[in-house]
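Take a look at the structure below.
Chain A is the first sequence line, chain B the second, and so forth, proteins listed ahead of strands; every chain is numbered from 1.
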Amino acid sequence: MIKILFFGALRERLQQDSLNLPLTTSCSVEELQHKLCFHSPAFTESFTSANLLCAVNQKLTKKDQMIQSGDEVAFFPPVTGG
Amino acid sequence: MIKILFFGALRERLQQDSLNLPLTTSCSVEELQHKLCFHSPAFTESFTSANLLCAVNQKLTKKDQMIQSGDEVAFFPPVTGG
Amino acid sequence: MTEKQSAAITVKVQTEDFSQELIYKQLAAIPYCGAIVTFVGLVRDHPELELKALELEHYPGMTEHCLYSIAEEAVQRFSLKAVQIVHRVGYLTPEQQIVVVGVAAGHRSDAFAGAEFIMDYLKTQVPIWKKQHDTSGTLWVEAKTSDQQQYNRWSKC
Amino acid sequence: MTEKQSAAITVKVQTEDFSQELIYKQLAAIPYCGAIVTFVGLVRDHPELELKALELEHYPGMTEHCLYSIAEEAVQRFSLKAVQIVHRVGYLTPEQQIVVVGVAAGHRSDAFAGAEFIMDYLKTQVPIWKKQHDTSGTLWVEAKTSDQQQYNRWSKC
């Protein structure tokens with residue numbers, strides 16, 4: 001099982017802030033994004049966008065980062081704090 | 001007549017903070033420095049140093065700046081404020 | 001083995017306002033410091049646009065960790081003696097304080113560089129998002145390429 | 001014809017201490033500002049050397065004019081909305097405040113650059129001199145080449 005979090009405009013578009021997903025074998029961030037595309041039309045639109053950032057266990061990562069069961073994965077738009 | 005002011009380590013070495021000098025014809029800062037060299041041994045030593053800055057009427061100037069009667073001229077070492 | 005610079009680092013993410021004065025006073029009390037730089041970001045109203053508020057959302061936990069790592073990296077790169085960062089979240093109205101970054105250093109160029117480095121990282125790497133509320137509705141603030149360019153300046157050659 | 005940026009400039013040279021807090025509060029009250037940077041320089045004690053005091057001498061009149069011109073130039077170059085500078089003179093003991101430069105701007109990169117520009121000019125162009133009093137006597141502080149290099153960075157190409 002992995003926990004997936006959504007923030008900002010993405011959270012609003014998906015109308016949910018998190019999702020638990022069973023994960024039997026390790027996959028990359030990119031592969032996870034592909035999987036999420038099939039979840040709903042809102043997900044399809046959001047996860048085909050190239051502009052999403054991803055954090056695994058609260059660290060910004062690249063798309064080839066591997067995800068293990070138990071990880072906390074977050075997707076969000078480019079940040080705008082400060 | 002011109003008023004000449006001295007500051008910082010220069011003021012201390014010359015043991016005076018100002019000097020009034022009659023000026024009949026306009027001269028450059030460099031020419032004034034040469035004149036001041038003849039004033040006393042302390043002046044000779046101080047005004048042959050290349051490291052002095054000069055301000056005419058409270059503006060930093062180069063050595064070829066011309067000085068007129070009535071001007072306020074100041075000599076001082078490189079500044080160290082802040 | 002390189003010796004690690006040790007420094008007092010404080011990081012807070014909170015809805016409440018902060019006191020720039022208190023942060024300055026704490027930094028100025030650090031021994032052997034010659035230079036204190038503080039940066040404060042405020043909710044900026046625009047003459048053309050009637051901004052009602054900014055709403056700031058963040059990723060709890062990750063935000064604090066990111067800010068702390070940035071502060072630690074700034075300490076090492078610029079020999080800082082202390083860093084304080086407070087970032088507010090929630091609903092902020094025009095002219096309110098959003099963020100303060102305060103640094104103490106031996107020398108002024110390190111203090112300036114350290115504070116600006118932290119802000120440039122914060123703007124592009126820390127999971128915080130702003131939503132603008134104005135008279136015509138709400139709008140998520142877009143990331144600026146100028147912020148990314150500012151950030152890229154600091155990458156090690 | 002280039003339009004001149006107008007801004008609130010305050011310059012003071014004084015023996016009395018100043019309030020960083022008050023300066024920050026005045027800058028933060030300027031409309032349409034998103035970024036406030038303050039720099040404070042303190043009398044820095046050294047662990048090796050027993051500094052008793054710094055004595056600051058200046059050229060009355062010229063100092064104020066120089067600081068005002070620097071502030072005006074910073075306003076034009078970095079679109080600053082306000083500048084406050086206070087420089088103390090006289091006899092200052094370790095950890096006391098020497099100088100504060102505070103600027104308000106629309107954007108953070110202008111605020112950082114404006115404050116650093118003013119400090120780099122101040123360090124090399126303004127007629128102020130420091131004399132160090134320590135347990136072994138007195139010594140006029142020497143100008144640093146690093147300060148001159150910092151200043152040279154800002155010369156227009």
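Within the 4.5 Å cutoff, no side-chain heavy atoms of A/V79 are placed close to those of C/Q125. Contact annotation: the side chain of C/M62 approaches that of A/L60 to within less than 4.5 Å [non-hydrogen atoms, C-beta and beyond].
When heavy atoms are compared at a cutoff of 4.5 Å, A/L53 does not approach chain C at all. Contacts of C/W140 with chain A are made by side-chain atoms alone, with heavy-atom separations under 4.5 Å and no backbone atom involved. Of the two parts of C/E142, only the backbone, made up of N, CA, C and O, holds a non-hydrogen atom closer than 4.5 Å to a non-hydrogen atom of chain A. With a threshold of 4.5 angstrom between heavy atoms, C/V141 approaches chain A through its backbone and through its side chain.
Between the side chain of A/T80 and the main chain of C/A143, no donor-acceptor pair closer than 3.5 Å is present. In this structure a side-chain-to-backbone donor-acceptor pair under 3.5 Å is present from C/H87 to A/G82.
For CD of C/E50, the number of neighbouring non-hydrogen atoms (other residues, nucleotides, ligands) closer than 6.0 Å is 12 at most. In the displayed structure, A/Q16 atom CD is contacted under 6.0 Å by more than 12 heavy atoms of other residues, nucleotides or ligands. With a 6.0 Å radius and a threshold of 12 heavy atoms from other residues, nucleotides or ligands, A/K3 has its NZ atom at or below the threshold. Counting heavy atoms of neighbouring residues, nucleotides and ligands inside a 6.0 Å radius, atom NE2 of C/H65 does not exceed 12 of them. Atom NZ of C/K12 has 12 or fewer neighbouring heavy atoms from other residues, nucleotides or ligands inside a 6.0 Å radius. Within 6.0 Å of CD in A/Q15 there are 12 or fewer heavy atoms belonging to other residues, nucleotides or ligands.
Identified by a heavy-atom distance below 4.5 Å to chain A, the contributing residues of residues 93-108 of chain C are C/I98, C/V99, in residue-number order.
When each of A/R11, A/E72, A/K59 is scored by its heavy-atom pairs under 4.5 Å with chain C, the top score falls to A/R11.
By the 30° and 60° cut-offs, the orientation of the rings of A/F7 relative to C/W129 is parallel.
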- Evaluate the side chain to side chain contact (heavy atoms under 4.5 Å, CB included) criterion for residues A/E12 and C/K131: first the C-alpha distance (whole Å), next the side-chain angles of each, then the deciding distance (0.1 Å), finally the verdict. CA-CA 11 Å; A/E12 231 175 44; C/K131 193 181 188 176; 2.2 Å; yes
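Scanning all heavy atoms of the two residues, the minimum distance from C/E57 to A/G8 falls at OE2-N, 2.8 Å.
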